[in-house]
Amino acid sequence: MLDLIHKFSLSFLARNSFSTSCVRVRIYTRTGDKGKSSTFTGERRNKDDNVFEALGTTDELTSVIGFAREFLPESCEHINKELQEVQCIIQDLQAAVATPKSSSKQRHTDKTKFSGAHIDTLEYWIDEHTKGLPPLNNFILPSGGPGSAALHMARSICRRAERRVVPLVRDDEVDEAPMRYLNRLSDYLFTVARVAGIACGREEFIYWQPKPRNVKKSE
């Protein structure tokens with residue numbers, strides 16, 4: 001895994017419109033070979049630290065979102081664009097998580113502060129998509145075609161990402177906004193998974209309680 005400092009250096013180049021065509025950057029740094037990695041401020045922590053657990057899970061989340069986008073039907077192009085925006089926002093969320101308060105100066109936290117306004121955008125999208133969905137009266141099982149099923153996978157990973165951020169918020173290492181965003185994002189992913197399934201003409205599979213069966217075992 002690239003060191004976070006290395007990652008942020010590349011992001012800085014991109015944000016400031018510097019040409020990277022003449023910059024020869026190695027994909028490996030060797031700085032993490034002893035089980036430690038760097039936060040945004042350069043602090044070295046063990047790779048199983050809560051900060052890196054949260055970063056790794058959000059990285060997994062955005063990867064699965066990208067995977068899901070590849071299976072969405074053309075009629076869901078608007079959702080595809082929303083998901084691309086979400087992936088960019090997750091990148092900013094990771095920057096906030098990678099800047100723990102206990103080892104950061106004000107200039108660091110100001111630079112990587114995560115905006116709670118992104119939560120309002122998610123809620124707006126959820127409300128708009130819900131208008132075209134049938135009422136939710138039962139538990140829905142993950143399914144609905146490749147795109148919908150992949151979005152359900154992203155939703156479950158999003159829940160885990162939220163759980164990984166909770167300890168950082170509890171320890172006052174990270175503000176609540178990233179945690180709240182992930183909480184709302186899982187609701188959004190559930191909603192668009194339903195939209196994608198219906199767009200593919202798939203019927204929603206509703207939970208029903210299977211009755212125990214008396215199966216005769218062979219000797």
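Numbering of residues begins at 1 and proceeds along the displayed sequence.
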query: Counting only N and O atoms by type, is there a donor-acceptor contact under 3.5 Å from the side chain of H129 to the main-chain atoms of I126?
result: no
field: salt_bridge(R184, D120) N-O dist < 4.0 Å
entry: no
query: Closest approach of G144 and C200, non-hydrogen atoms and distance?
result: O-CB, 4.5 Å
Flag side-chain contact, heavy atom, 4.5 Å: R155 against P142: yes
- prompt: A98 and L55: which non-hydrogen atoms are nearest, and at how many Å?
  reply: CB-CD1, 4.0 Å
message: Tell me whether E162 is salt-bridged to R180, with the criterion being a basic N under 4.0 Å from an acidic carboxylate O.
response: no
- prompt: Would you call D171 and K101 a salt bridge, using N to O less than 4.0 angstrom?
  reply: no
- request: State, yes or no, whether a side-chain contact exists between I90 and I65 at a heavy-atom distance under 4.5 Å.
  value: yes
Within one Ile-Leu-Val-Met-Phe-Trp-Tyr cluster: F139 and I206, side-chain cutoff 4.5 Å: no
task: Side-chain contact test, heavy atoms from C-beta onward, threshold under 4.5 Å: evaluate it for L93 versus Y181 and give yes or no.
output: yes
message: Is it the case that the side chains of H118 and E123 hold a donor-acceptor pair, with the cut-off being a distance below 3.5 Å and no angle test?
response: no
- request: Would you mind reporting whether T62 and D59 have side-chain heavy atoms less than 4.5 Å apart?
  value: yes
query: Parallel, tilted or perpendicular: which fits the ring planes of F190 and H152, with parallel below 30° and perpendicular above 60°?
result: perpendicular
task: Please answer whether the main-chain N or O of N183 pairs with a side-chain N or O of S186 as donor and acceptor at a distance below 3.5 Å.
output: yes
- line: Those residues at least two apart in sequence (or on a different chain) that pass ring pair (Phe, Tyr, Trp, His ring centres under 6.0 Å) with F71 are F67
task: Apply the test side chain to side chain contact (heavy atoms under 4.5 Å, CB included) to residues K81 and E77: give CA-CA distance (whole Å), side-chain angles for both, the deciding distance (0.1 Å), then the verdict.
output: CA-CA 6 Å; K81 291 180 179 178; E77 181 60 26; 3.8 Å; yes
field: Residue pair L189, L83: steps toward the side chain to side chain contact (heavy atoms under 4.5 Å, CB included) verdict
entry: CA-CA 9 Å; L189 292 169; L83 290 170; 3.9 Å; yes
query: Is any side-chain heavy atom of V97 closer than 4.5 Å to a side-chain heavy atom of T112?
result: no
- prompt: Looking only at atom types and distance, does a side-chain atom of D175 sit under 3.5 Å from a main-chain N or O of A177, one as donor and one as acceptor?
  reply: no
